[in-house]
Structure formats: structure tokens, C-alpha cells
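First up is the structure itself, then whatever we jot down about it.
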2 protein chains.
Amino acid sequence: MSASESQIFIVDDDDAIRDALGWLFRSRGHAVRTWPSAEALLDSGEIAHCGCLVLDIRMDGMSGLELFGWLREHSHTLPVIFLTGHGDVPMAVDAIKQGAFDFVEKPFNDNELVDRALAALAMHRQQVSKRAALQAIEERVAQLTQREIEVMERVLAGQMNKVIASDLGVTMRTVEVHRARIFEKMGVRSAVELAQVLATRK
Amino acid sequence: MSASESQIFIVDDDDAIRDALGWLFRSRGHAVRTWPSAEALLDSGEIAHCGCLVLDIRMDGMSGLELFGWLREHSHTLPVIFLTGHGDVPMAVDAIKQGAFDFVEKPFNDNELVDRALAALAMHRQQVSKRAALQAIEERVAQLTQREIEVMERVLAGQMNKVIASDLGVTMRTVEVHRARIFEKMGVRSAVELAQVLATRK
DNA sequence: GGGACCATTGTGGATATCCGCAACCGGCCG
DNA sequence: CGGCCGGTTGCGGATATCCACAATGGTCCC
């Protein structure tokens, strides 16, 4: 659902700030959910429905940075906006370099924060569709047999069927059959298209 | 020259810091040049020989950030390490998001700064070789005539010669000739290789 | 005007690719 | 054991691609 991925998640152990942020976004018509701690969010199993994470750095238990690191390690790539009470340049630099979407100091400007969150949501939507496309390609590749992959590699290397044949110690006909199957499974109609599709990844 | 691209450039209007930084890198055996201002560096015309720029944020005249912006606008992509005396989180976040390699507060740890500079140099070398490869491709594309480009686009779209022919209102033979010229000029031997090469860019 | 470059086309043959039809073999599984 | 899957091969024909040899017409520039 587009809606479920458009949700803004807020994690802050300060009730006042959490409520204020929730109100801020809701008042502007944006779906938002709040959590009192990183653990609460993770335990809920709702992380997959998050499109933008607004995260307090300093929290009891798992800190914002720790949650960020955990998400990265578990391939949950989603834009994170850090909130921090005390300006710490090295921490901010590190967070951004590690891929955080933004790093905002309190007190923050309401409009700016909302803008950043919306930009993050937009980026996330892009990432999701891009990932879906890559995922689709990988699934197709996964359908290929080992032999077909060997043939495909050589096709992509520009080798002619007869070269591939002698290379693999089989006849040209066999290569042709594999080739046809590869095209079929990969949903393309020529080696050129295949190259285009596979060039998308990597 | 590898050497000329491996130079570390330091820009700081504080003589003491400039000298200290120069000494720091030279004592460790790294080529380094120092400049008292952004203007001095730009006027020298030596910017092309820089492999890593260590830049003071606050300077009279053109600030470090301004120089950074100028370089970006003029496609002089090279790693920049900012030095700043007073922690300013928004500025640091912005600099990193805009592509700065690092943002370091004074006083800094000598070893860390050297490590970062060396990492920047390494990254720059990578970028240079990558850019050179892309540049070579673009030069080859530039050799193609308008007509050849039209044909190439269709070849990359997986169209057969006869389709391209009727598409462009010419005979197959003509398409074949263009095709051969394209392969020759692009230095490839098949449409697949062509797709691979052109997929490298974009 | 002559030369360089580009686009175009033709002929004809050598290669390469694409496919339907048919078949054999070995491994795995119910 | 029979079926399914994957790898293999053969045959033959339809297409497609690659190329050498040869040639025409237009544009631009010295």
C-alpha cells in the first residue's frame, strides 16, 4: 500500500516532544505514528510500514544511532532524520556520512522539519520502486539454472554461440536452447535487451 | 602524473595552522601545498593538480564553503575536508550532504586528519580513473555522426536491422553500414558489447 | 573544380541466429 | 517404476547479420 509506506515514524522518549511532533505532522495531514523507544518500535514489527523515521539521538536503552545501525545491518534502508538536543559535529558528520537523511538540532523549525520529512518520504518511495525493480530482476536471475547462467555470462561477454559451445564442450544447438530459455526466463527478446536489463543492477 | 594528482592542498588564512598542517603532512612523506586564501589557489591555476583539499571554513574573502561551491559548479570534483573552529552542526550537515569528504573540528587529531586525507586521496584516484573511462566513452560517442546515433539508439533498443531501416526510411544495407561504423568507432564487436559499454555511463 | 566526408544503395555470398520437431540420458521423487 | 526436470543433440529451414566490392549524390571547404 502506498499509504502504509507513507507513514512517518517518530521515536523519542520525551512524551512532550513525541506528542508535539505527532501533532505537528497530523495537523498537516500526514500519517504518523509515534514510539517511546527504539525497542518499542522494533518489537512492534511495524518497521516495514515506515517511510521516514524521525529519531531522537539520546534515548534510554537503544539510542537513535544504535537503531540506525541496526536497521542498516538488517538492510532496512529507509530515510532517517535525527533529532539532537546538543550540537555534536562529529556525531552529525558521521551520521550523514553513514547515510542518514538529515540531522536536525532542537529546537527545530516546524516547517523545515516537515519539509525534510516529506522529502525523505519522496526519496523513500523512489527507493522502494527502484528496489522492487531490482528485486524483480534478481528473481528472474534466480530462476535460471546453473548451466543457463554459465551460458548467459558468455553471451553477455559478447561471445558467439559457437565459441560458447566449444568453451563449454557442447554443441551449438545446446547453446541455442539455453539461450532461448534465458531470454524467455529473463523476459527479453535479444542479447542486447538482456545486457540492458542486467546493467541496471551493479 | 600520479604524483601531481596525489598532492594535498591546504587553504587556511592562519599562517600558524597552515604551516603546522604543511609540516604535518610533509613529515609523513606526503606531497602538500599550502595557500593563504581561496583566491590565491584559484588564481594559481593549480587546482587541477589537487588530489585532496583541506579547507578552512572561515576565511577572509572567499570562504571555504564558497570555494567548495565554486568547485562543484565548475565540475572540479575533488574530495574536500573542511576544518572549522567552532562546531556548527547545520553547516557540517549541509557540507557533507553536498558532498564534502569530511568536516573536522579544531583542534583535530593529527593522525586522524592524515588518515582522512589519505582516504580522500585514494577516493580521488578512483574518481579520476573512473572519469577517464567515462570520458573515453563520451569521446567515442562524439565521433559518431547524427545518423549513426539514430541507428545506435535503435540498435540499443533491440530493434532488428530491417525494423530500423523502415523506421528511418532507408534500406537494410544502409543500416548495416551504419552499424558497422558504429561498432568500429565505439571499439566494440557486437551490439551486446556496445550495450555493456554504454551502460557504464548513466 | 577537386577532395573529404557523409548518407545512401545494390549484389551476392559467408556466417550466425532462431526455432519447431524429435529424441536420449541421468537424477530425483512419490 | 513412471513422471518430471535439466542437459544434451540432430535435422532442416527461415531469418538475420556481416562484409567485400562497387557506386551515386550532396555538402562543405580550400
Side-chain angles (χ1 to χ4, degrees), chain A residues 133-202, chain B residues 133-202:
Chain A
L134 293 180
Q135 174 73 12
I137 293 173
E138 294 309 321
E139 282 172 7
R140 298 201 126 148
V141 172
Q143 289 181 346
L144 298 177
T145 65
Q146 184 53 43
R147 200 55 161 173
E148 284 162 355
I149 289 183
E150 294 179 60
V151 173
M152 185 173 72
E153 287 172 350
R154 289 168 171 76
V155 169
L156 291 177
Q159 294 187 327
M160 287 185 301
N161 285 354
K162 67 174 184 179
V163 176
I164 300 175
S166 71
D167 209 2
L168 296 180
V170 297
T171 62
M172 266 184 48
R173 187 69 187 87
T174 303
V175 175
E176 290 170 8
V177 172
H178 284 315
R179 201 173 164 129
R181 286 232 179 294
I182 293 169
F183 289 170
E184 188 189 347
K185 289 184 178 177
M186 294 301 293
V188 298
R189 292 177 64 221
S190 70
V192 179
E193 281 185 45
L194 182 63
Q196 307 266 1
V197 168
L198 292 186
T200 309
R201 57 176 208 181
K202 294 178 182 175
Chain B
L134 293 179
Q135 174 74 12
I137 294 174
E138 293 309 323
E139 282 172 10
R140 298 202 125 148
V141 172
Q143 290 182 342
L144 299 178
T145 66
Q146 184 53 43
R147 199 55 158 172
E148 284 163 355
I149 289 183
E150 294 178 59
V151 173
M152 185 173 73
E153 286 172 350
R154 289 168 172 77
V155 168
L156 291 177
Q159 294 186 327
M160 286 185 302
N161 284 356
K162 65 174 186 180
V163 176
I164 299 175
S166 71
D167 207 2
L168 296 180
V170 297
T171 62
M172 264 183 50
R173 188 66 188 89
T174 305
V175 176
E176 289 171 9
V177 172
H178 284 316
R179 200 174 166 126
R181 287 232 179 296
I182 293 169
F183 290 171
E184 188 190 345
K185 289 183 179 177
M186 294 300 294
V188 298
R189 292 178 64 219
S190 69
V192 180
E193 281 184 46
L194 182 64
Q196 306 267 359
V197 168
L198 292 185
T200 307
R201 58 177 207 180
K202 292 178 181 174

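Naming convention: chains lettered A, B, ... in sequence-line order (proteins, then strands); numbering from 1 in each chain. The analysis underlying the following values was restricted to heavy atoms, covering all of them including side chains, and did not include hydrogens, waters or symmetry mates.
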Task: Selected nucleotide, minimal atom distance to M172(B) side chain, candidates dG7(D), dT17(D), dT9(D) - done: dT17(D)
- [ ] Take L168(A) and R154(A) through the side chain to side chain contact (heavy atoms under 4.5 Å, CB included) test and state the conclusion after the steps.
- [x] CA-CA 10 Å; L168(A) 296 180; R154(A) 289 168 171 76; 3.6 Å; yes
TODO: Using modelled atom types only, decide if a donor and an acceptor are shared between the side chain of Q196(B) and the backbone of L156(A) within a distance under 3.5 Å.
DONE: yes
Open item on the list: Taking the side chain as everything from C-beta on, heavy atoms only, tell me whether V197(B) gets closer than 4.5 Å to R140(B).
Closed with: no
Open item on the list: If you define the side chain from C-beta out and look only at heavy atoms, does anything of V141(A) sit under 4.5 Å from R201(A)?
Closed with: yes
Open item on the list: Students should find this one: the first and last nucleotides of DNA chain C, 5' to 3', lying under 4.0 Å from a heavy atom of chain A. What are they?
Closed with: dA16(C) to dC21(C)
- [ ] Write down the atom of L198(A), the atom of M186(A), and the distance for their closest heavy-atom approach.
- [x] CD2-CE, 3.8 Å
TODO: Of all the heavy-atom pairs spanning G158(A) and S190(B), show the shortest one and how long it is.
DONE: CA-OG, 4.2 Å
Task: R173(B) with E176(B): basic N within carboxylate O range, under 4.0 Å - done: yes
TODO: Tell me what T174(A) touches on the nucleic acid: a base, only sugar-phosphate, or nothing, going by heavy atoms under 4.0 Å.
DONE: base
TODO: Describe the nucleic acid contact of R173(A) in one word from base, sugar-phosphate, nothing, applying a heavy-atom distance below 4.0 Å.
DONE: base
Open item on the list: Quick check on dG7(D): is either OP1 or OP2 less than 4.0 Å from any side-chain nitrogen or oxygen of T145(A)?
Closed with: yes
Open item on the list: Please give me every residue in residues 176-194 of chain B whose heavy atoms get under 4.0 Å of an atom in DNA chain D, ordered by residue number.
Closed with: E176(B), R179(B), F183(B)
Task: With E150(A) via side-chain hydrogen bond (donor to acceptor under 3.5 Å, both in side chains) - residues at least two apart - done: R147(A)
